[in-house]
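Proteins get letters first, then strands, A, B, ... in listed order; numbering begins at 1 in each.
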Number of protein chains: 2
Amino acid sequence: MPAPRKFTREQLRTVALAMVDEQGLAALTMRSLASALGTGAMTIYNYVDGREGLEQLVTEAVMAEARWDDVTGEWSEAVTAVAVGMWRAVRAHPHAIPLILTRRSLDPSTLATAEALLGALAHSGRSGTDLLIAFRLVTGFITGSAQSELAGPLAEGHGDDPDAATGRVRSLSSERFPHLIAIARAATASDPEIEFRTGLRIILTGLAA
Amino acid sequence: MPAPRKFTREQLRTVALAMVDEQGLAALTMRSLASALGTGAMTIYNYVDGREGLEQLVTEAVMAEARWDDVTGEWSEAVTAVAVGMWRAVRAHPHAIPLILTRRSLDPSTLATAEALLGALAHSGRSGTDLLIAFRLVTGFITGSAQSELAGPLAEGHGDDPDAATGRVRSLSSERFPHLIAIARAATASDPEIEFRTGLRIILTGLAA
DNA sequence: ACCTGAACACCGTTCAAGT
DNA sequence: ACCTGAACACCGTTCAAGT
């Protein structure tokens, strides 16, 4: 993709994310992004590597919003700072979550966030495979939490009404699925960030042992 | 969807999963499944609620393969048994992972697995919100691990050549991204199941504290 | 060098007609 | 009741022609 001119990649990123935020993932197509920019569909191919590249654009835009304060204290506090920063960025764009779950990118923002998280985790004394495991543990929890919150405790994939799914869980046999019903109820009344931090603390306790 | 006859839902599930396993996710369409079954596309609508329902079919088929032994000892061993069972089922169908990450279903297999995991976790003394958090922690780790393994440590989304992505990570500045390079190297030489069990043990340690 | 319309080979789904 | 072909309104992408 040698130096294009009519737009910048940054412009495409911004418009693409706005479309996903406002109209959902299905509304983002080569053609819809093009017409939002006032051009023909084929122009997009000068900035992005096909449909796949279009989706990476959205992932990049979300990760670029991750912010955290540099912490100088305990390693566990540094991990928490980065993890909460990532989680907030992801959570701010619920429609983009399926993309973030499945596509990884190597853009500068994603790399910087990953390296920061790894640096904090490395201060627990880990390296090599153990560091890799710790990294997957934390990132899996971040994306898993965001996704769970979006989908409801055991909601069906895409229903825009999470309460309907909760209702469906509640209508199950309480003899066969007592715990499922209990957590479906618990999920409706809770502060997401407190939940997230509580889960993270459990991981950190495990990592410190 | 009142009692259809030409096929069973079970048949559709089996054929759909086989197509995804052999030809990838993109190869599964209403039309392709129909012609694999020797009918017209519209027949599928008698068994499944549109494209969304088609994808749920695959999720169900994967979860239906989860197996574990009932454990009578420590709660942490029971959690491990169910978690490893889930992880193995998911890992056996790498092309279906994006679906499992994003669509939740309420079919009997998924419900039974979730309830079993919750039952084991409840024996740690948790209930309500704390049980919900523990559940998300474990399931997020299961799906996150399967996905990470598929995608490589920080690979680009869909490249069928994970080594290429690892190479790309390695070509980064070792001053700017030292830890990223280190874990990319560690990821190439490791036993996935040992890694998974190690990560799970860290979670269980945190949950026991 | 970058841009872009036309055309192609697909999709999912509605509808109306079959049995 | 269940089945299904035709038709519609979309997709992503190739190609060839513009500047």
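Side-chain nitrogen and oxygen atoms of A/Thr43 include at least one within less than 4.0 Å of the OP1 or OP2 phosphate oxygen of C/dT4.
Residue B/Thr113 comes nearest to B/Ala66 through the heavy atom pair OG1-CB, 4.2 Å, listed as atom of the first residue, atom of the second, then distance.
With pairs defined as Watson-Crick or G-U wobble and both atom distances under 3.5 Å, the stems of at least three pairs that touch DNA chain C come out as C:4-8 with D:12-16, C:12-16 with D:4-8.
Note that CD of A/Glu195 is 9.5 Å distant from CG of B/Asp130, once rounded to the nearest 0.5 Å. Note: B/Lys6 NZ to B/Asn46 CG = 10.0 Å, rounded to the nearest 0.5 Å. Rounded to the nearest 0.5 angstrom, A/Thr198 OG1 and A/Ile203 CD1 are separated by 11.5 Å. We find the CG-CD distance between B/Leu25 and B/Glu55 to be 6.5 Å, quoted to the nearest 0.5 Å.
Of the candidates A/Arg104, A/Arg103, A/Arg9, A/Glu60 forms a salt bridge (charged side-chain N to carboxylate O under 4.0 Å, His left out) with just one, namely A/Arg9.
If you check D/dT13, D/dA7, D/dC3 against the side chain of A/Arg31, the one that comes closest is D/dT13. With D/dC3, C/dA7, C/dT4 as the candidates, the nucleotide lying closest to the side chain of A/Thr39 is C/dT4.
For the pair A/Ile44 CD1 and C/dT4 C1', the interatomic distance rounds to 11 Å; values are reported in whole Å. Across the protein-nucleic acid pair, A/Arg51 atom CZ and C/dC10 atom P stand 19 Å apart, rounded to whole Å. At whole-Å resolution of the value, CE in A/Met30 and P in C/dC11 are 18 Å apart. Across the protein-nucleic acid pair, B/Glu52 atom CD and C/dG12 atom P stand 13 Å apart, rounded to whole Å. The distance between atom CG of B/Leu33 and atom C1' of C/dG12, rounded to the nearest whole Å, is 14 Å.
Although no hydrogens or angles enter the test, the distance criterion places a donor-acceptor pair under 3.5 Å between the side chain of A/His95 and the main chain of A/Val20.
B/Arg88 and B/Glu193 are joined by a salt bridge, as a carboxylate oxygen and a charged side-chain nitrogen come within less than 4.0 angstrom of each other.
Contacts with DNA chain D (heavy atom under 4.0 Å) in residues 19-28 of chain B: none are found.
No side-chain donor-acceptor contact under 3.5 Å links A/Thr29 and A/Arg31. Residues B/Arg201 and B/Thr80 have side chains that never bring a donor and an acceptor to within less than 3.5 angstrom of each other. Judged by distance alone, the side chains of A/Arg13 and A/Thr8 never bring a donor and an acceptor atom under 3.5 Å apart.
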Show the distances under 3.5 angstrom between N or O atoms of the protein and N or O atoms of nucleotides 14-19 of chain D.
none

